[in-house]
Amino acid sequence: MFLELKDLTMKFGGLTAVDRINLQIERGSIHGLIGPNGSGKTTTFNMISGYYKPTSGQIVFEGKEISGKPTFQITRLGFARTFQNLRLFHSMNVLNNILVSMEHLARLKLPDQMFNPFSVRREENDFIEKGRQILELMQIGEYENEPATSLPYGLQRRVELARALATEPQILLLDEPAAGLSTTEADTLMDIIFQIREQGVTIFLVEHHMRVVMNVCEQITVLDHGRKIAEGNPKAVSSNEKVIEAYLGQEKEMEKC
């Protein structure tokens, strides 16, 4: 199994935010994680990406336990993460926001950087070309020289997604990427998600935008009060009575998705 959570638990004092979650994600899949606010979705992401050390349980990636490893080690293993709130570099243009994410990919050692400037320049050019290719994938190539934070909100979301993709991840953790997007922007996001998957990247998605979830995810896990209450394909989840009661409210709301 590509990524597996085994009895994963996170407690903050007397509060259990995530309670013995078991979850499996297959390589190359698009897996959704949904539930009401406070159900433990972002806490789960924080444990996977190394921001929180689980109270108990295991996170297993490609057969090896990675529970509690620091964020920089998780990143080097091939994990990338976006956040609910934008975290762009205000002083940088769009392209440089992407390039800064590639620093850990540099192959030249310090002696080469000091005494072989032509190799340094060649590597820099390679990164610039790769960065431009990612911006084209995100459909924002024309803005590469614009200050990142001067773009409309929906485009800033794509810059953040591009920056995560620039780290060459094996798995991409998307935390509410459709938040605040218009219908047209959400449709574009869905196309981009499929294109990213075609690049060989596995996607784990937390999202409240149900039309996005139901149209891109192959498997969906549902949390409520830190516990898993349902799991399956979109059709099975959308008709699950526990899910309707805890999160979706009314079955007819699902028919709009």
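Sequential numbering from 1 along the given sequence is applied to the chain's residues. A quick note: this is a predicted structure, and the numbers were derived from the prediction, not measured.
- One distance of note links CG of Asn240 with CD1 of Ile220; it measures 11.0 Å at 0.5 Å rounding.
- Checked for salt-bridge contact, Arg157 and Glu176 miss the test: no charged N lies under 4.0 Å from a carboxylate O.
- Pairing each heavy atom of Glu26 with each of Thr202, the nearest pair is O-CG2, 3.6 Å.
- Side chain of Thr167 to main chain of Ser101: no donor-acceptor pair is present (N/O by atom type, distance under 3.5 Å, no hydrogens or angles).
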Quiz item: Yes or no on side chain to side chain contact (heavy atoms under 4.5 Å, CB included) for Ile30 and Phe194, after CA distance, side-chain angles and deciding distance?
Solution: CA-CA 9 Å; Ile30 304 176; Phe194 284 126; 4.0 Å; yes

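- Looking at residues two or more places apart in sequence or on another chain, you find no side chain to side chain contact (heavy atoms under 4.5 Å, CB included) involving Glu136.
- Leu205 and Phe83 fall into different hydrophobic clusters, defined by Ile, Leu, Val, Met, Phe, Trp and Tyr side-chain heavy atoms under 4.5 Å apart, directly or through other members.
- Within the model, atoms CE of Met138 and CD of Gln133 stand 12.0 Å from one another, a figure rounded to the nearest 0.5 Å.
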- Task: Test Gln219 against Ser29 for side chain to side chain donor-acceptor pair (under 3.5 Å), laying out the working first.
- Result: CA-CA 8 Å; Gln219 285 287 111; Ser29 66; over 6 Å; no

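- Applying the side chain to side chain contact (heavy atoms under 4.5 Å, CB included) criterion to Thr44, with sequence neighbours excluded, gives Leu5, Val18, Ile21, Leu33, Ile48, Leu223.
- The cluster map of Ile, Leu, Val, Met, Phe, Trp and Tyr, joined by side-chain heavy atoms under 4.5 Å apart, puts Leu172 and Leu88 in the same cluster.
- Considering all non-hydrogen atoms of both residues, His209 and Ala186 come closest at NE2-CB, 3.8 Å.
- Between the side chains of Thr188 and Gln139, no donor N or O sits under 3.5 Å from an acceptor N or O.
- Geometrically, Arg76 does not engage Phe72 in a cation-pi contact, judged by NZ or CZ lying under 6.0 Å from the ring centre and within 45° of the ring axis.
- Of all heavy-atom pairs between Gly131 and Ile98, the closest is CA-CG2, 4.1 Å.
- No donor-acceptor distance shorter than 3.5 angstrom exists from the side chain of Asn96 to the backbone of Met92, with no hydrogens or angles considered.
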Name every donor-acceptor pair, under 3.5 Å, that has one atom in a side chain of residues 226-234 and the other anywhere in the protein, sequence neighbours excluded.
from, atom 1, to, atom 2, distance (Å)
Arg227, NE, Asp19, OD2, 2.7
Arg227, NH2, Asp19, OD2, 3.1
Lys228, NZ, Asn22, O, 2.6
Lys228, NZ, Glu231, OE1, 3.4
Glu231, OE2, Thr221, OG1, 2.5
Asn233, OD1, Lys235, N, 3.2
Asn233, OD1, Ala236, N, 2.8

Working for side chain to side chain contact (heavy atoms under 4.5 Å, CB included), residues Leu23 and Ile25: CA-CA 7 Å; Leu23 188 154; Ile25 297 177; 3.4 Å; yes

For a side chain to side chain contact (heavy atoms under 4.5 Å, CB included) check, start with the C-alpha distance between Ile171 and Ile203, then their side-chain angles and the critical distance, and finish with the verdict. CA-CA 6 Å; Ile171 182 167; Ile203 297 173; over 6 Å; no

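- Taking CG of Leu3 as the reference point, atom CG of Leu77 lies at 11.0 Å (rounded to 0.5 Å).
- For Glu207 (side chain) and Ala178 (main-chain N/O), a donor-acceptor pair under 3.5 Å exists by modelled atom type.
- Here the straight-line distance linking atom CE of Met47 with atom CE of Met10 works out to 7.0 Å at 0.5 Å rounding.
- Atom CD of Gln195 has more than 12 heavy atoms from other residues, nucleotides or ligands within 6.0 Å.
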Exercise for review: Step by step, work out the side chain to side chain contact (heavy atoms under 4.5 Å, CB included) result for Tyr153 and Glu185.
Suggested key: CA-CA 10 Å; Tyr153 177 80; Glu185 289 171 334; 5.8 Å; no

Please report, to 0.1 Å, the donor-acceptor pairs under 3.5 Å made by any side chain of residues 54-64, with sequence neighbours excluded.
from, atom 1, to, atom 2, distance (Å)
Thr55, OG1, Lys11, N, 2.8
Gln58, NE2, Glu65, OE1, 3.1
Glu62, OE2, Arg27, NH2, 2.3

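- Hydrophobic clustering (side-chain heavy atoms under 4.5 Å, transitive across Ile, Leu, Val, Met, Phe, Trp, Tyr) keeps Leu173 apart from Ile134.
- Each ring-ring contact (aromatic ring centres under 6.0 Å, His included) pair with one or both residues in residues 14-50, not counting sequence neighbours, appears once here: His31-Phe204, Phe45-Phe204.
- Around atom NE2 of His225, no more than 12 heavy atoms belonging to other residues, nucleotides or ligands sit under 6.0 Å away.
- Qualifying salt bridge (charged side-chain N to carboxylate O under 4.0 Å, His left out) partners for Asp224, counting only residues two or more places apart in sequence or in other chains: none.
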